[in-house]
Structure formats: structure tokens, C-alpha cells
Protein chains: 4
Amino acid sequence: MLRTPEQYVESLRDGRVVYQDGERVKDIPTRYRHSVERAASEFYVSSHPDHRALFSMIEDGEEVSFAFKIPETGEDLQRRREILLTLGQLGAGGSRLTGIDGLNGVAYGTHKVDAALGTHYVESMAKYRAWCKKNDPSICAAVSDPKGHRALHAEDPRQAHKDFYVRISDRPRDGIVITGCKLHISEAIISNELIVLPSRNHDEPGKDYAVACAVPCNAKGVTFIGTAGAAGGGHPMIIFDKVFVPWERVFLAGEWQFSREVATSFARYHRLTAATYKTAQLDALAGLAMLMAEYNGLTRATRIQDMLGWFAMYATIPEALGRAAALSGIVDPETGQARPNAVYTNCAKYWFASQWHEAMKYLQDIAGGIAATMPSMKDWENPATRPYLEKYLQGDARFPAEERIRAINAVIQMGSTFGGVLSIHAEGSLATQKMVLLQQADWERYKAAAKHMMGIRTDHPEFKGRPLPGESPWKMPESMLKH
Amino acid sequence: MLRTPEQYVESLRDGRVVYQDGERVKDIPTRYRHSVERAASEFYVSSHPDHRALFSMIEDGEEVSFAFKIPETGEDLQRRREILLTLGQLGAGGSRLTGIDGLNGVAYGTHKVDAALGTHYVESMAKYRAWCKKNDPSICAAVSDPKGHRALHAEDPRQAHKDFYVRISDRPRDGIVITGCKLHISEAIISNELIVLPSRNHDEPGKDYAVACAVPCNAKGVTFIGTAGAAGGGHPMIIFDKVFVPWERVFLAGEWQFSREVATSFARYHRLTAATYKTAQLDALAGLAMLMAEYNGLTRATRIQDMLGWFAMYATIPEALGRAAALSGIVDPETGQARPNAVYTNCAKYWFASQWHEAMKYLQDIAGGIAATMPSMKDWENPATRPYLEKYLQGDARFPAEERIRAINAVIQMGSTFGGVLSIHAEGSLATQKMVLLQQADWERYKAAAKHMMGIRTDHPEFKGRPLPGESPWKMPESMLKH
Amino acid sequence: MLRTPEQYVESLRDGRVVYQDGERVKDIPTRYRHSVERAASEFYVSSHPDHRALFSMIEDGEEVSFAFKIPETGEDLQRRREILLTLGQLGAGGSRLTGIDGLNGVAYGTHKVDAALGTHYVESMAKYRAWCKKNDPSICAAVSDPKGHRALHAEDPRQAHKDFYVRISDRPRDGIVITGCKLHISEAIISNELIVLPSRNHDEPGKDYAVACAVPCNAKGVTFIGTAGAAGGGHPMIIFDKVFVPWERVFLAGEWQFSREVATSFARYHRLTAATYKTAQLDALAGLAMLMAEYNGLTRATRIQDMLGWFAMYATIPEALGRAAALSGIVDPETGQARPNAVYTNCAKYWFASQWHEAMKYLQDIAGGIAATMPSMKDWENPATRPYLEKYLQGDARFPAEERIRAINAVIQMGSTFGGVLSIHAEGSLATQKMVLLQQADWERYKAAAKHMMGIRTDHPEFKGRPLPGESPWKMPESMLKH
Amino acid sequence: MLRTPEQYVESLRDGRVVYQDGERVKDIPTRYRHSVERAASEFYVSSHPDHRALFSMIEDGEEVSFAFKIPETGEDLQRRREILLTLGQLGAGGSRLTGIDGLNGVAYGTHKVDAALGTHYVESMAKYRAWCKKNDPSICAAVSDPKGHRALHAEDPRQAHKDFYVRISDRPRDGIVITGCKLHISEAIISNELIVLPSRNHDEPGKDYAVACAVPCNAKGVTFIGTAGAAGGGHPMIIFDKVFVPWERVFLAGEWQFSREVATSFARYHRLTAATYKTAQLDALAGLAMLMAEYNGLTRATRIQDMLGWFAMYATIPEALGRAAALSGIVDPETGQARPNAVYTNCAKYWFASQWHEAMKYLQDIAGGIAATMPSMKDWENPATRPYLEKYLQGDARFPAEERIRAINAVIQMGSTFGGVLSIHAEGSLATQKMVLLQQADWERYKAAAKHMMGIRTDHPEFKGRPLPGESPWKMPESMLKH
């Protein structure tokens, strides 16, 4: 089934408990109108003749959202990228940005757990996926835990309490009860379903923290606390206070050996999503830098030109890597699931995150001091002061002052701590990317290349027969030399 | 005379025209209470027995502020540094941070102009300084112009209008009339006097832009527009709409050849001020990084330790350079004025400004994603949600959650665009520092050192007699060798 | 025709004038044996059954080298990449690394000149290409000029002489005479043909410097001076002392308006070549870093792991960009020539060049001080000292000391100035890449993205219909809100 | 006593065992003539009337070298700096660059060991120092061990053997016997005495590795193996093959608890030495960059100017920090020894080492491709080729080609792996400096500053009484407000 936007809007009126800026939210669609419209538009777009072929598919005679298809090829991954790009272009969506990655990541994990331990999570997951196809929910991955003391395990008695990671706090016969908190859960407040999954590995003593499951946003015990001042609720904390989850919605429940696998499996999908949506953002960033340079009359200044060239590179690299990561996605032989190439996605994520602050430095350098001292837009509206702003905040005479003022305000907004922290921490910290690159790169090939250069033969298939440096396929016979 | 804080407060009620966030400000001390108190405290402190010996001096039997003394030795510069550090420690001051540098910078310039062109600005400046000593005003340098199209001269007809740099728009008999705007003028709204001076060189066709003078904040035609949302008015735009300035307050009026000299002379003083106040800020930044690491339980993680070591270096270098710049200040033989060592001050400024964004990256990396998703402090006050925040936003159990939350909010505030732009653009952009280093470093000595290394003798006094590499003061006689 | 390696070797005995390390070289194949063998192997490989299908093609019933085919599709560019990678793997080739790019770059230029100015260079080029197909020469692009004073034009009288750029010094009836010097011409000494082309734009007064032509290595007046100590002659200077070039080998002769076009057209091809061969080199570099870490027992150290993760990224990015640049090559509608995507190639070049020194820092950090203090391999061969080296220069007991010693020597060699300068300056300096990125990136699209974000509608086709931020394709009817 | 240069030269003919480039060295002064002359010149200079007052002092009526004085004040440290700078300027010295730091570092450690464990090393050290004053030896610190597998302790059975760190291999009645190897021991071959000391901490099972002692260069069992190709023997490996050391020359022998203390105590002195000699080197580097820019005609190019400005900063910061480190040296109350400020010295070392490769990148960028392709100086001497080099390797016409060629060769030499590794690893790796900064910076003060900023009162003496942000020393009475 494909839901209508109206159905989606009404689905948010389910009694969920949400706090925002110190107050209980009475009606979600009203309080977060714009974000809800944006999310609702995904349903509108999906059924729209222009996009229906991309967004939906027919399965067993039923039209369902492509989002819920198990990716089986690189092309499936690339189609997912195109859906995300289309939504971005249309100013639609958001409420499935992380959830589909969560679903596919957890699904992959269920195969591995079942295969190793004889559990039956694959079946539950298949049923849940079928339910999703049928009900077309908004869906959101709930991953990050508050962690408390980062160097201590979840169960360490030196932690202030046991709930810094979501855990199974009770195991009644028909399901599990979970307690804890998830942080930074983008779009969670306007979603229908939360795919809860572990954020890291846990050892045997911490097996209760190895938990993955699906929880409706209005489940008893769930409380959302929105990000301060964020129009759409931002990236809320979600409190799980003894939330009951029936077995058919549980996908991991104590199999601690697979905690990391589920976490990284999600991340593998999600870093491709990130590389995809960041591309659009970095295009706009490069453009903003150029506009500021134009408004300020700086496009002929060498230093500025160098920065602009750099911005083009900054934007281009993740785009090339994102596409390569999808198209060279690897199909897991056991599960049949296609997964993005982890080296490319992690390069993309590390690249844009590690250079973000440099980009802001350049942008602010181009924009000038006014990005620290800009008067209020209310002064713009005040006829007593507007002429002054119009006169003195103009740059190059060929552009209206208002455009420059909008650009300055965009620079101010982009450079906030939010922007910096988002680039670093969303989809895993910088350290994580470096670790994944360390684990996933083809070191045997790299080392064989190095040994080859050092003049040492190796058994690596790609280098086995190759002449070493100083050798050549063809040797000059002594008779051809002249001494 | 030393004014009392009460006198200072009352002096701000002089009819000045100030707009803030879209509205005309009715009463300065009331609207900007905290900033005014902070500034007023400088007068309180100056007369306080604990600090009087540092802040004031006796001249001609009269006690006057040391701020108005012409610096004549490195020790005078260092005493100025100590005054600034003391004010910083006491949470006082602000309203003279730039003005004294403006005064000394312009004063230096008047000597050069008079000597070259036979003008009489030195005398006017001496009188104005005497007036300052007598009236003890708050004083503020008004330097940055809006610039319009950066690549065009002020007078270029392709500029949208002629007023992108403050200019002499009329020359009645008894003074000059100035028109234009100055931007980013920190603390200007709560000051008494504006020392207007050029922000760059101007050529002969732009000689009307070569203007320096002192303007009272309530002069007819002066309008302030405060920075959006800034508690103390921030760093306002100041509009000069045909403001009359009598000759005795004019220190440059068309001598375009000295426009740059006056600008850089101010900057030379002001970069030392910057290196001084930044030291305190960077100490707090280093501490904040360590606190975040402690709250998060990360002090044993190698990556974090490396960042912390870096923060210590980040804070230490400007401190060492600032001190060196004052103590090795150079006394100008013609004017007798001591000026800070420009190489040290510009190294200090370039260092902290060029690394600020890297520092923010590290700080945000340590702080974690919560610096992007922090709930409102109103949720902290709401008994329905506070227990959740208290429970889940705690880190290491040994520290209260509230401390960590305060630190997170400090991280958020510090990382704003304002912080970044301030570090880059206040006291001159990164490009400026590199240019000053290029102009002021002792290249003849550097080149002589290089030639010496290359085996080429030079006439440089420090290298003239030195043995070249491969030579030695003492040579082994052949008879001592054994072949 | 496909030449045999023997034919190639004999072709180098043509009387060419070569100096190396202070002496005239008597016999090229003997003096530069290894490099000649390596280059000769390209001919061996081209005819080898394993590779013939890749390296050659049938044209008019004749088998000719694919190298001389005009690239007409992205696949042609990618096939060229595969040829280069295969040669690299086999330790063969070198003598056509730059020449084919020169040929294609100049060929593209001839079309543009003829179209604009009615000249007839296309025809000459077609004949020359046919001659190449028939004679299968080694071929080398001669581009860089010595430049003299970089800030002055070639013809500026303040230059020490007129020959800092190769120029037409005479114009007899049947051709041109060229004089000057080309620098850094890799593999030139063991090539057959030099494709001379301009290194930069020239204005009308410098029209004699706008010259492109093909010169045999043994032409009268040509002198090679090899790089100091380089086994294969390195990247020699080539002196052109009144060298006559007949008209049929001239492709530009004074059309100064196209000087830059020819230079950048070459560079566009050549940066793809660079991105291709660098990929192999960076693989080996990443492997060397890992091997050093293993030998030193450092693979579990966080700092080292971070560096290793970085090396994987360093190697991956140019590979992804190189492939994308070939496959998204752009076919010029007028000439039918396929040219690599310049944004991707310049990103690749800038990335590896700008990070090379950082890579060396990391590599040396991992390797340790021994890379500065390594005893001679003669001490390794000396039985009196070898046991000490074997004992004390071992690292992890699982690897033989000799492997570690080889790795250390590889680190020493890789870190030389040669390596650094090659990465920066080969295929154009860092500044060039930034300029090309500035010129070639799709700024109209970037700016439209930025304006969209700023809430300004644009006519850009990709953004024209898009809802602005704050708009959505679907809007909630007022009736659905609850206030 | 002050030795004569002749006495020093003869002292090197003591039968020591030295290998260089595969051969046993027969006569040290003859084989390493230049380095020996340079070192001998220190003795010449010390007695020279121009420098005697700086280099020597009178103690008990005897004139002795100031080098052997225990530093007791910051001025003593600064005098040591001046001695080093003078030697550098005169092209003299080298053989005491590390040894004096070793002596003072170990001496400090002996106090700590004796105080804690009741040993009697202070007495031995005092006698040894007296012997030094009397005999005026060249003296050299032997610190770095080969380490084997870096992650394993010296005594770990997984190490290939037990001798990767110098250890006490036997304890006869009258002394100790040491076995092992020290690496990178600059100037060791032309020294008289080796001050052996541990390079790191060792735990109790590794107590035999906690050894410090003085060993003459000709002691039985000592073998030197010079750095490959290094004119002066470079930074040799030293093999200790069962070397007997009598008790009076032993300063640590198993007191593993103090192994780290002795190592870091040396490092503390030695990093000041490094900051001192690097200053001279960085001056020459900055000059070389400027000369290359001048020769190439690039001094007006913005990018190059920015690099030159950066070079001035690069050279200035260590100089300011080095001076500050000496003058703010800390006198240890127990031993009376003055020690350099560790924060400043480690900032200096980290700064120049972490930026060295960036400096090389800039230098090579300025120099151009010729630094990779320079012909041999033998081509310069060959009349057949010299005119070509003279003509084409000239830059700006105002400078002779030969100067430019020398500069290019200096660029080549400076950029070698040796230069990079020396900057990183000499005086401790980058990681070490970051760790020392972490340990030595005044974090309590930094944290108090941060808490103050966060609005939290602390007991830190510097912040205790200070008004918090938002407070002021002076508060406006309500009566002064106007609402």
C-alpha cells in the first residue's frame, strides 16, 4: 500500500509523548507544521505520476514503496540514492532517511545471528518487512546511546547507572522490556516506527545491551525531548522507560556476539545515505562561497580563487565516491543483500567531515567580518534603518544588497556548532571512519604492491607473475650492448 | 581626572541614536545593563586601592588614567598588557579595548604627516590627549569600512555609491564634514568617543577618504545599529550622515599618502591587545576541552590526549609571543613612541586565528553529538523532563550532570560563526598578517643565513666573518693526518 | 606496424647528443640499459598474445598500436588507462607516457586553430599520426620551458635573453627553426620523437613562442642533459639550438591566441595519465606504511592505526576519481575527440600532490629515526658488521631483518626531494589545479543550489521548479491543523 | 683544564672500532677530517680571547669549561643557549650537543634515585663531573635503543632476543657489564665519552634495562657503525658487546622505577638544545625560500608571498619559545638544578617538527620542477654543457645562474628523508611532545578558567575571587535604571 499524505499526518496523532523547549507538545502536525509537510510530501511524491516509477514497485500484485525492498544489486543501491536525491531536490522527505538503513542493517544481522546461533530473527524480520510494505510507515533508526563514561562498558559498576545504553530490563514470556535512552534521533518525532539497534559491541556480561527491535512512536514508556529551539524537533532524545516489545518485533535480544555486526551493518548503509545527502549540501556550500566572493567583488583575488577551487574539490570528491560506492556495492552471498562498498563510503564521510571546519574557515574568510556583526532582519524591516542597511551592506553594485544579506545570514547559519558537530558525529565520528578504513581496505594488495616495489616476490594473485623493479619482460641480449 | 562609574553611566545618556533588533533604544544603561556595568567597572577598578597604582599615574599633580599615556618603553606596553589582563580577570572593561590603540596609532601617524607635509596634527592630537586625560572618556576606534566592491577603490565610479569608505563630504571653514559608515565597532554603543581612522591606503583621487578624527557618540548625524540579538549591542554599524568635526579634533584630512601608515600604525598596537585578550580566552578553551574529556571519560584515549596536548600548545604560543612582543617593543626615534614588535604580534594573531576552526573541530569531536542536539535549558527546569536530562546527560559518575550540560552549552556557544569570524577578521584578516610578516620580518638576515648555508659569503653584519660550512675556525695541519 | 624491441633498441643509435653526469654518452642502450629494456618491453608486450588485443588494433588491414588512435569515447580513455596500468604491472613502458597525451592534446588544438584562423594544421597532424601508426615510434611530450623570470613574458626585454621559452628563431621557406630549451622531459633520452608544445599562453608580441611541432631526437641542434645521477637519464633538459622543423611536422607556428589552448589540452589528457600511474604508486605507499608498522610492532597503536586508515583514503580517492574521469569523458562535438572530465582529473592531481608531504611525514613517523641513520648496505655485506645489523635492525621477531631494512631504504628513497617535487610539479603545479577547478567546475549549478538554499528562485534548469526551503510539494490544509 | 684542539684530535686515536660504508676506519681524524676539525674548533674557540669569557669559568682557581657547570638559574640555561648559538655561527662544535644534556639529565636523576632508594649515585656523578672538568672531554648522550617490536617490553619473550634495549648482562663485583645497541647517536664517533641512559620506562621484570653510565668510546666491546654515506659518520649505531663499566661510572643500575625519570630529565634539557639549534636552521630555511622566490621572479605573486609570510612565522615561533623556555627555567628545590620550562620547549619542538614537511612542500613549490631534474654539477664543470646550464638555469636576470643553482641544490638536500626524519624523531617523536604537553601544562589553571567561563566558581587561586561572567565588580543600583 502507498499511504496518502493525509494518512501520514493523522498517524502522528497517536498520543505520543513529546516535549519541546520546556513544554509538552499538544498536537504534532500543528507544532511542527513545516517538518510534517516536508515528510508528508514524500507520500505525495511517491504516488505522483512523475515519480511513481522510481519510488514504488509492484510486488504480488500490490504496489509498495521501493524503500522496503531488500537491496540485491548495486543498481538497487543506486536507485535508493536517486530516490534520496529526488526527495532532496523536491524539498520532501526526511522521515525515512535513517530508518531504511536501520531496517536493512538489522536484516543483514538477523541472517548472521540465525546462521550462527540457530535463532529465528530472520523470520521476524521478514514479517516485519511485510508489515511495512503493507502499512507504509515512516521509520527511523534509533542508534546512539548516551554512553555515560565512554571508557567504561555499559554494565560497569562505576557507571552512574545501568541505563546509559538501551537494555533489556525485563523478559516477560511474550516479549522483552527495554529501558534506556537514544540520542540524536533525527526526525524521530515525526516518524511512526523506531528501529532500535545497538550503537557498539557489548561483551557477554553486557548481553542485555545487545538488543534490536521495532517500537512504535506511541508505545507506552516512550518520551521524546526535542532539540533546543529546533523548528522540527531536531534530533531528539528518546527515553525508553520500561517499554514492552512483543517477540515478533524483536531482532536481537542478548546475542552480544552480534552487537557490533548489527551496528556496523547499519552504518555501512547509512554512510552511503550520508554521502548522498551531503553531496547536495556541499554543492550549495560551494555556490555560497562563490556568491559571497561575487557580492564582495573578490572573484579576481588569488587567495579567494584558490579557496573557490578548493570548494569545487571539496564538493566533487564525495559525489564521485558516493556513486562509486553504490555501483560497486558488494552482494553478500549468504543473504543476497547488496551492501555499499565500505572503503568508498568511509572515504566520503571522512573527507567531508574532516574538512568541514576548514571549509567554514574559508567561507568566513571570504564573507568578511559582517558575518559576526550583522544587524537583525528586523532592522531590515524598520524603515528608519533599512536604507542604511541597503546602502552600506551592498557589495558589488550589480547585485542587490538583499541577496548579499541573505548570503551573509546563510554563512552565519552554516557555520554554527550544529553544522560542525553534525558533520563530525552524524553517521559515526572521525575515529570510526579511520577504523573502518583500517579494517576494510585491501591491505594484502597494498602490501604486495609495496613488497613488489621493495624487490620481494609475493604470492598475491595480482603481483605473483610480475617482473620486479629492475627486471623487464624483455631483456637485451649481451650481443646488443656496446662497451 | 578619574571618572566614577556613576559619571560614566550618566555620560551615556547624551541623546545618542541607537537601534537594536529593529527598535530605537530608549535608555542605553537600561537596555544594555550588563555591558554597561562591565564597562563602568573599569572606572571602579581604576580607583580601587588594589589597582590604582597600575591603572593611574600622576601627571602635573593630577591623577590621570595610565591608558592615556604615550607608551615610551617596552615596559609601558607590558603595563598596558597587565591592565588588560587585570580587567579581563575582574570581568571589567571593554570600552577602551580598541580606543587606546586607535589613539596611539593615530598619534604616531600625526608625527609622520606633520614631518613630511608640514601639517599641524601633532598639536591637535596633543590637545585631544590632554582633554582625554582631563575628562577620562571611554574611547573606541572606528576603523573598518563597508568597502562595497572590494576590488575597487573607494572613489571608483563602478561602486554603487561614494560612501563605502568614510569620507570628507564637505569642508566648511571650521572643520570637516564626514559621511559614510564604519562596521564591527566593538563596544561603540557604550563608549563616549569614536576615534575614526582609515582602514586602508587611498590614492590621490581618493584623498577625501584619508580622514582621521575624534567624534563624540552623540554627534549630530551619528547612528548606531547593533548586532542582531547581541546583549551588549555587539559590534554595531555606525552611520555617519554628514557629521561635522571641528578642526581641533581632526588628525588627518586628505593626506592620502599617510592613509596606510595611520591604519597599520593602529593595527600594530591593536594586534598586541588581541594577543593579550586572546590568551585568556585560549586558556579557557584548553580547559573546556579537558573538562569535556573528563566528563565524557575520555582522558585516557590516545586521540583525545593528542588533542589535549595540542590545546596546550595552542594556548601557550600566543602567550609567549604576546609577552615577547611587548618587551621587545621598538621605540621610534622620531616620535619617542614605543611600538610592539610587529613580527611577534602578527605571528600571535595569525597563529590563533588560523587554528581556531581546527580547535573547534577538536572540541566538537571531544564533546560528541550532543553539542548538536542538546535540549533546551527549559527542559532542564521542567520537572517532567529534568530527571531524564539529569540521568542521561551525565557522563563520568564523579561529576554532576549539570556541569557537563554547562560545558556542552559552552561548546555550542564557542563554536558559533561569531567565534570563527571574530578570530579570523578581528584585528585584520589572515591575509593581512601574512602580508605584515612578509614586510616586517628581517629578510636580509634570513637571506644571509641561507647564502651562508649555500656557501656564499655576504656582507651581512651577523654573517660577515663567519666560516662557511666546510670551513672551520681551526684547521687540522696536514702533518696531523695519516693516509 | 608494430615494432620489435630489437628495432626499438637499434633506433636509439641514431647519433643523438646526450650528456650525463658530466660526460657525453657513447651508446644509449648500453649506458641506460635497464631503462631501455623497460621501454623496449612495451613493444614486446604489445605483440605478446596475452596483451595484443588490448595494445593493438587493425586499421585498413594493418595492425597498429592503439596508442595512436584518436580517443573517441570514454571507453577509449579507459582503455588507455588499462594499457598504462598493464604496463605498470609488467614493469614495461615509459617512453610513451607523455607523448600520446601530447599528440592528442596538440591534435585537438589544431582543429581549433584551423577552424578559427583557416590554417591547415589538422592535415599535417593527420599525416603525422599516420606516419606514427606506420613507424610505431616512442614519443615524448616536451612542454616545460625554463621560464627565466617567472613574472615576465617570454619576450620581455628584462629577461636575461629571449630563449627562456622555445621560440621560432627563423622562418625559412620550407619550415621553421626553433631555439630554446625544454626542462623535465621524462624518458626523452630513450624516445624517438619529441612533441614540442607551448607550456603557457603567449600574447601577440610573443607570437614566436606559440609553437608546436614534432622533432626527432637526433635532429641537428638537439642536445640532452640528463638529471644528476639518474639511472635512466631521468628527466633531462633538452637544448634546441637552431633546430630546423619542416612544415609537415609543424602544428602551431605563431598563432599565439591558441598557445594556452594547446597547453591545457595536453594537460587535460596528461592529468588522467598521472591519476592512473599514481594510483599504483599510492597503493605501494599504503602498503609500505602498513609493512613498516608491522615490522615495528605498531599495528595496535591508535596513532599509527589512524595514519594507516588515512593512507587507505589517500590511495583510494585518486583511483575513484581517475576511473570517473575516464568514464565520464566528454566528446567534443567539433573534433569528435573524447577528453577526460577535467574536474575529476584535477581533483585527483590536487589531492595526491597536496597531501604527499603529509604522507611522507606519516611514513617517516611510523618508520622511526633509523630512516635518517641507516648504515650502508655495504655494512650488510661485510661479515664483521652484518650480524649486528641482522640482530639490532630486526623489529617484530616474525619478520626477517632484511625485509625491514629494505622497507627502511624504500622509505628513504620515497621521501627524497625528487618524490616531493615530482608530486607537486609533474603534470602542473598545485596552483594550476586550483585554477582549472575554478574554471571548469559547474559554478552555475553550485550557485543555483546556494540561491535555492537562501530562498531565491533561479532559472537554472535543475532548480527551476523546485520548492524552496520552507515550501513543500504538499501543503497541509488549514483544516488539518489544531490550534 | 681546557684542552687544545690538537689534544682533542689525538684523543680520537685510541683504538676505537668504527665501520663506515662497509669498511673498518683506520684513522678517525683522517677519515672524518672535516667533522673532526669542526669539533676541534670548539676547543679552539673556547680558549680564544673573543669567547673565553662565555665558554669557560674559574672554579677553585682552575679554568674549566662552562659546559660542565650544573645549571642553577635560568641565566645559566640561557648562557648555554648562547654558547650553542655562538658555536653554530662559527661553524664549530657538535661533539657536546647531546652529551651535556645527558650529563645534566642523568645528574638530576641520581638525586631522585638516591633520595628515594638510598643509593649513592649522586656521589659517583659528582666525581665524574669533576673528572670531566679536569679532562675536558667531548661527550655524547647515547639514548635511543633499537626496540625490536615496539609494543613489547624489552624483556618480553616474544622479542627476537633480549638485547633490543641496552641492559646489564652481568654484575661482577667491581662494576656492571652492558650489552645491547644504541641508535642514532649523533657525533658519537668523534666523541670521547658516551653517557648511556635509558630511552624509556621499564618495569620491574625489566630492571636490567634500567641502566645509566659513562663509557669511553674505546672501551672493549664498543663498535660504531656509521650512517651510510655520511661525511662525518653521521648518527651511528653503537654496539655494546659485553662492555664492562666500573661502579664509579655507573649512575643507574636496576632501579627501574627511575628509568623514565632519567629519560625525560635528559629530554627536558635536550629539547631546549634542539629549539636553539633549530632556530638557526629555520632562519636559513626562510632565507632560502625568499632567495628561490627572488631568483624565480616570484616575489610579487600572492601565493608565494603568503608562503614567505608563513616561513617568517615558522622561524619566529621556536625562537620566541626557546628564549622563554630558558629564561623561565624552573629551579628544582631539592637538587638546585635549573631545568628548562617543559611546556615552552615541547611547544617549540612540536611546532617545528610538525610543520617541517609543510615547509618542504612550500619550498619545493617555490623552487619548481628543476629541484627534481637538476643536472649534475659535473655538467656545470664540463665546458660542453656549462653554457647551456648558465643560459637556461638562470632566473631573474639580476642574479647569476650559479647562485640559483646552489639554491636549487640546497633545496634538494634540505628536502631529503634525512631532514624530515631528523625533524620528527630527533629529541623525541611528535607523540612524545604531545604527551609531555599533556602532562606538563597547567591544566588546573586551564580548567578553572573554563569553569569560570561556564559560570562555576572554583578554588583555584587565580580565579577564586573573580566575578563570574555576567557579574561585575560594580553593579548599577536599580535607581539608576530607567524602565
Side-chain angles (χ1 to χ4, degrees), chain A residues 5 9 27 29-30 33-34 37-38 40-41 44-45 89-92 283-284 286-288 290-291 305-306 308-309 312-313 316-317 320-321 324 343-344 347 350 403 406-407 410 434-435 437-438 441 443 446-447 449-450 453-454 456 466-467 469-476 480-483, chain C residues 5 9 27 29-30 33-34 37-38 40-41 44-45 89-92 283-284 286-288 290-291 305-306 308-310 312-313 316-317 320-321 324 343-344 347 350 403 406-407 410 434-435 437-438 441 443 446-447 449-450 453-454 466-467 469-476 480-483:
Chain A
V9 170
D27 183 62
T30 307
R33 180 173 182 174
H34 171 60
E37 284 181 345
R38 188 180 162 95
S41 294
Y44 173 79
V45 165
Q89 284 174 3
L90 296 172
D283 286 355
L288 181 58
M290 178 57 97
L291 287 174
Q305 290 185 323
D306 279 0
L308 294 171
M313 180 172 76
T316 297
I317 287 179
L321 289 166
V343 172
Y344 290 137
C347 283
Y350 186 75
E403 264 194 33
R406 276 177 188 257
K434 282 187 277 193
M435 283 303 94
L437 285 169
L438 182 66
W443 290 105
Y446 288 160
K447 289 198 290 184
M453 177 185 70
M454 287 154 56
I456 299 173
R466 284 197 203 179
E471 297 174 356
S472 298
W474 181 83
K475 299 300 247 181
M476 220 184 296
M480 288 193 76
L481 296 174
K482 295 186 180 175
H483 295 291
Chain C
V9 171
D27 184 62
T30 307
R33 180 173 181 174
H34 171 60
E37 284 180 347
R38 190 181 159 95
S41 294
Y44 172 81
V45 165
Q89 283 173 5
L90 296 172
D283 287 355
L288 180 59
M290 177 56 96
L291 287 174
Q305 290 185 322
D306 279 1
L308 293 171
W310 182 90
M313 180 171 76
T316 297
I317 287 179
L321 289 166
V343 172
Y344 290 137
C347 282
Y350 186 74
E403 263 194 32
R406 276 175 188 259
K434 282 187 279 194
M435 282 304 93
L437 285 169
L438 181 66
W443 291 105
Y446 288 159
K447 289 198 290 183
M453 178 184 70
M454 286 154 56
R466 285 197 203 179
E471 298 174 354
S472 299
W474 181 84
K475 299 300 247 180
M476 219 183 299
M480 288 193 76
L481 296 173
K482 295 186 182 176
H483 296 289

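Naming: A, B, ... by sequence-line order, numbering from 1 per chain. These figures come from a predicted structure and were not determined experimentally.
A:A286 touches chain C through backbone and side chain together, each having a heavy atom under 4.5 Å away. Only the backbone of A:E471 comes within less than 4.5 Å of a heavy atom in chain C; its side chain stays farther off.
Ranking C:L90, C:V9, C:V45 against chain A, the residue ahead of the rest is C:L90, based on heavy-atom pairs under 4.5 Å. Here A:D306 is the residue among A:I317, A:D306, A:V343 with the most heavy-atom pairs under 4.5 Å with chain C. Of the listed residues (A:A92, A:S41, A:A312, A:A320), the greatest number of heavy-atom pairs within a distance under 4.5 Å of chain C belongs to A:S41. Residue with the most contacts toward chain A among C:A410, C:A324, C:A449: C:A449 (heavy-atom pairs, distance under 4.5 Å).
Between C:P29 and A:M480 there is no side-chain heavy-atom pair separated by less than 4.5 Å. In this structure, A:Q305 and C:M435 have side chains that are in contact, with non-hydrogen atoms separated by less than 4.5 Å.
Looking at A:T30, its side chain does come within 3.5 Å of a backbone N or O of C:K482 through a donor-acceptor pair. C:R33 contributes a side-chain N or O that, together with a main-chain N or O of A:M476, makes up a donor-acceptor pair within less than 3.5 Å.
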A:D283 and C:M453: CA distance, side-chain angles, deciding distance, side-chain contact (heavy atoms from CB on, under 4.5 Å) verdict: CA-CA 10 Å; A:D283 286 355; C:M453 178 184 70; over 6 Å; no
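The heavy-atom pair separating A:M454 from C:E403 by the smallest distance is CE-O, 3.5 Å. Nearest heavy atoms, C:S472 versus A:H34: OG-CE1, 3.7 Å. Nearest heavy atom pair, residue C:W443 against residue A:L308, reads CH2-O, 3.2 Å. Nearest approach of A:L288 to C:A450, heavy atoms of both residues: N-CB, 3.2 Å.
Here C:Y350 contributes atom OH and A:M313 contributes atom CE; the two are 5.5 Å apart, rounded to the nearest 0.5 Å. Within the model, atoms CG of A:L321 and CG of C:L321 stand 6.5 Å from one another, a figure rounded to the nearest 0.5 Å.
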